[in-house]
Q: 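Mind having a look at this structure? Questions to follow.
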Amino acid sequence: MDLGNYSTITEFILLGLSANPHIQAALFVLFLGIYLLTIMGNLMLLLVIRADFHLHTPMYFFLSHLSFVDICFSSVTVPKMLENLLSQKKTISVEGCLTQVFFVFVAAGTEACLLSVMAYDRYAAICHPLLYGQIMSKQLYMQLAWGSWGLGFLDAFINIFLAMKMVFCKAQIIPHFSCEMPSLLSLSCSDISRNLIALLCSTLLHGLGTFLLVFLSYACIITTILSISSTTGRSKAFSTCSSHLTAVTLYYGSGLLRNLMPNSGSPLELIFSVQYTVVTPMLNPLIYSLKNKKVKAALTRTLEKYLQHIGC
């Protein structure tokens, strides 16, 4: 991984979301608030899952990993965005840009895998409730969680290894608020055929591949729910996966739309990027705490214990 392969270009310019100073100030306040809510919300969910034994199940084990991924995902892009919103010189070094791309790959790939294994968990719980304990054994759900991280890191390593061999000799400007692989490919004047193949494989594996697993799991889940004769039974079965289905819709909806769009820096492209890299990590803990009765009950118990501890 010889950094000497780079041309004289040592840094890129991130155009960000707006060039208007007044709008930048408003965006700084907005995204700082979103970032703080993201960190606090996901940390709260992590602590509640760890503290309440009622949530020591495969589903909430996956959810704790998802919360940690969301903290990482937001922390990869938002701090640099906030810095550039207050700075006149909106630059990032080539090494810093590649580092950001690496961790975006890790976070995005791991989150996609986690959402797919969470869909499988809901499939096992709803379609095979009597065998759920055998299907989702501790060994299996641990392997699924850490396997998601492993695939995310492997995918990121392959793409960045190839990216470090690129020569950058075109315009330094990236029409975005963060570094993404398509942006770097468009700035390269070397052969990027292997990079395109690696990126295509990544998209097929972590995009379409995991989405297909989610789709198949929910096809079975919906078929099973519709076969339940009781309206109450159908409602109860659907409520166990409604939070996850909402999170999946937000993530894949904005993520796939963003990656299907050309890399032009258009307002719509930036909106979809903000949605799946900044807003979705903030919304996930809200979705799982507001729509999930077990999490709400655990939050209440944890708060009561805390109040008792401080003597209120």
Q: Over all heavy atoms of both residues, which pair between Ser93 and Gly96 is shortest? Give the atoms and the distance, please.
A: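 Nearest heavy atoms, Ser93 then Gly96: OG-N, 2.9 Å.
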Q: Quick one: closest heavy-atom pair of Ile228 and Arg234, and the distance?
A: O-NH1, 2.7 Å
Q: Can you find a pair of side-chain heavy atoms, one from Ile221 and one from Leu245, that are under 4.5 Å apart?
A: no
Q: Please report the interatomic distance CG(Leu66) to CG(Leu45), rounded to the nearest 0.5 Å.
A: 8.5 Å
Q: Would you give the length of the straight line joining atom CZ of Phe12 to atom CD1 of Ile174, rounded to the nearest 0.5 angstrom?
A: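 With rounding to 0.5 Å, CZ (Phe12) is 5.5 Å from CD1 (Ile174).
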Q: Specify the closest pair of heavy atoms between Ile173 and Pro175, including all atoms of both residues, with the distance to one decimal.
A: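 Heavy atoms only, the tightest pair is O-CD, 3.8 Å.
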Q: To the nearest 0.5 Å, what is the distance between OG (Ser87) and CG (Leu82)?
A: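 Spacing of OG (Ser87) from CG (Leu82) equals 12.5 Å.
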Q: Residues in side chain to side chain contact (heavy atoms under 4.5 Å, CB included) with Ser190, at least two apart?
A: Met166, Val167, Ser188
Q: To the closest 0.5 Å, what do you measure between CD1 (Ile192) and CD1 (Ile197)?
A: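 Reported value, rounded in 0.5 Å steps: 11.0 Å.
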Q: Mind checking whether Trp146 and Met118 sit in one hydrophobic cluster, side chains of I, L, V, M, F, W, Y counted as touching below 4.5 Å?
A: yes
Q: Which ILVMFWY residues can you reach from Ile222 by hopping between side chains whose heavy atoms are under 4.5 Å apart?
A: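 Result for Ile222 is Leu226.
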Q: Which side-chain N or O atoms in residues 206-218 pair as donor and acceptor under 3.5 Å with protein atoms at least two apart or in another chain?
A:
{"from": "His206", "atom 1": "ND1", "to": "Asp155", "atom 2": "OD2", "distance (Å)": "3.1"}
{"from": "Thr210", "atom 1": "OG1", "to": "His206", "atom 2": "O", "distance (Å)": "2.7"}
{"from": "Thr210", "atom 1": "OG1", "to": "Gly207", "atom 2": "O", "distance (Å)": "3.3"}
{"from": "Thr210", "atom 1": "OG1", "to": "Tyr252", "atom 2": "OH", "distance (Å)": "2.7"}
{"from": "Ser217", "atom 1": "OG", "to": "Leu213", "atom 2": "O", "distance (Å)": "2.9"}
{"from": "Tyr218", "atom 1": "OH", "to": "Cys241", "atom 2": "O", "distance (Å)": "3.4"}
{"from": "Tyr218", "atom 1": "OH", "to": "His244", "atom 2": "ND1", "distance (Å)": "2.7"}

Q: Side chains of Ser64 and Arg50, heavy atoms from C-beta outward: is any pair under 4.5 Å?
A: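 A side-chain contact is absent here, since even the closest heavy-atom pair is not under 4.5 Å.
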Q: Checking Thr203 side chain against Leu199 main chain: does a donor-acceptor pair fall under 3.5 Å?
A: yes
Q: The test is side-chain contact (heavy atoms from CB on, under 4.5 Å); show your working for Met181 and Ile160 and say whether it passes.
A: CA-CA 9 Å; Met181 186 58 76; Ile160 293 304; 4.1 Å; yes
Q: Determine whether Leu151 and Phe153 fall in the same hydrophobic cluster, where Ile, Leu, Val, Met, Phe, Trp and Tyr are linked whenever their side-chain heavy atoms lie under 4.5 Å apart.
A: no
Q: Do Val278 and Leu43 share a hydrophobic cluster (ILVMFWY, side-chain heavy atoms under 4.5 Å, transitive)?
A: yes
Q: Taking all non-hydrogen atoms of both residues, which atom of Leu85 and which atom of Leu27 are closest, and how far apart?
A: CD1-C, 3.9 Å
Q: Strictly distance-based, threshold 3.5 Å: is any side-chain N or O of Ser148 a donor or acceptor partner for the main-chain N or O of Thr110?
A: no
Q: Tell me whether the centres of the aromatic rings in His56 and Tyr60 are closer together than 6.0 Å.
A: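 His56 vs Tyr60: aromatic centres not under 6.0 Å.
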Q: Regarding His176 and Ser273, do their side chains bring together a donor and an acceptor under 3.5 Å, going by distance alone?
A: yes
Q: If hydrophobic clusters are built from ILVMFWY residues whose side chains come within less than 4.5 Å, do Leu36 and Met282 share one?
A: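 Leu36 clusters together with Met282.
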Q: Taking atom OG1 of Thr280 and atom CD of Glu111, what is their separation to the nearest 0.5 Å?
A: 7.5 Å
Q: Tell me the closest heavy-atom pair linking Asn84 and Lys89, and the distance in Å.
A: OD1-O, 4.3 Å
Q: Considering only distance and modelled atom types, tabulate donor-acceptor pairs under 3.5 Å from the side chains of residues 130-144, sequence neighbours left out.
A:
{"from": "Tyr132", "atom 1": "OH", "to": "Asp121", "atom 2": "OD1", "distance (Å)": "2.5"}
{"from": "Ser137", "atom 1": "OG", "to": "Leu140", "atom 2": "N", "distance (Å)": "3.3"}

Q: With sequence neighbours excluded, tell me which residues meet disulfide bond (SG atoms under 2.5 Å apart) with Cys179.
A: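 Checked Cys179 against disulfide bond (SG atoms under 2.5 Å apart); matches are Cys97.
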Q: Take Leu286 and Leu37 through the side-chain contact (heavy atoms from CB on, under 4.5 Å) test and state the conclusion after the steps.
A: CA-CA 10 Å; Leu286 293 175; Leu37 286 174; over 6 Å; no
Q: Ser243 and Ile287: which non-hydrogen atoms are nearest, and at how many Å?
A: O-CG2, 3.5 Å
Q: Rounded to the nearest 0.5 Å, how far does CE of Met59 lie from CZ of Arg122?
A: 4.5 Å
Q: Does the side-chain contact (heavy atoms from CB on, under 4.5 Å) test come out yes or no for Trp149 and Val106, once each step is laid out?
A: CA-CA 7 Å; Trp149 282 99; Val106 172; 4.3 Å; yes
Q: Can you tell me if Lys90 uses its side chain to pair, donor with acceptor, with the backbone of Leu14 under 3.5 Å?
A: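 Checking the backbone N and O of Leu14 against the side chain of Lys90, no donor-acceptor pair under 3.5 Å is found.
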Q: Show which side-chain atoms of residues 67-81 pair as donor or acceptor with protein atoms under 3.5 Å away, not counting sequence neighbours.
A:
{"from": "Ser67", "atom 1": "OG", "to": "Leu63", "atom 2": "O", "distance (Å)": "3.2"}
{"from": "Asp70", "atom 1": "OD2", "to": "Asn284", "atom 2": "ND2", "distance (Å)": "2.8"}
{"from": "Ser75", "atom 1": "OG", "to": "Tyr35", "atom 2": "OH", "distance (Å)": "2.9"}
{"from": "Ser75", "atom 1": "OG", "to": "Ile71", "atom 2": "O", "distance (Å)": "2.8"}
{"from": "Lys80", "atom 1": "NZ", "to": "Glu83", "atom 2": "OE2", "distance (Å)": "3.4"}
{"from": "Lys80", "atom 1": "NZ", "to": "Thr91", "atom 2": "O", "distance (Å)": "2.9"}

Q: Should Leu196 and Leu187 be counted in the same cluster of Ile, Leu, Val, Met, Phe, Trp and Tyr side chains packed under 4.5 Å apart?
A: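 Cluster IDs for Leu196 and Leu187 match.
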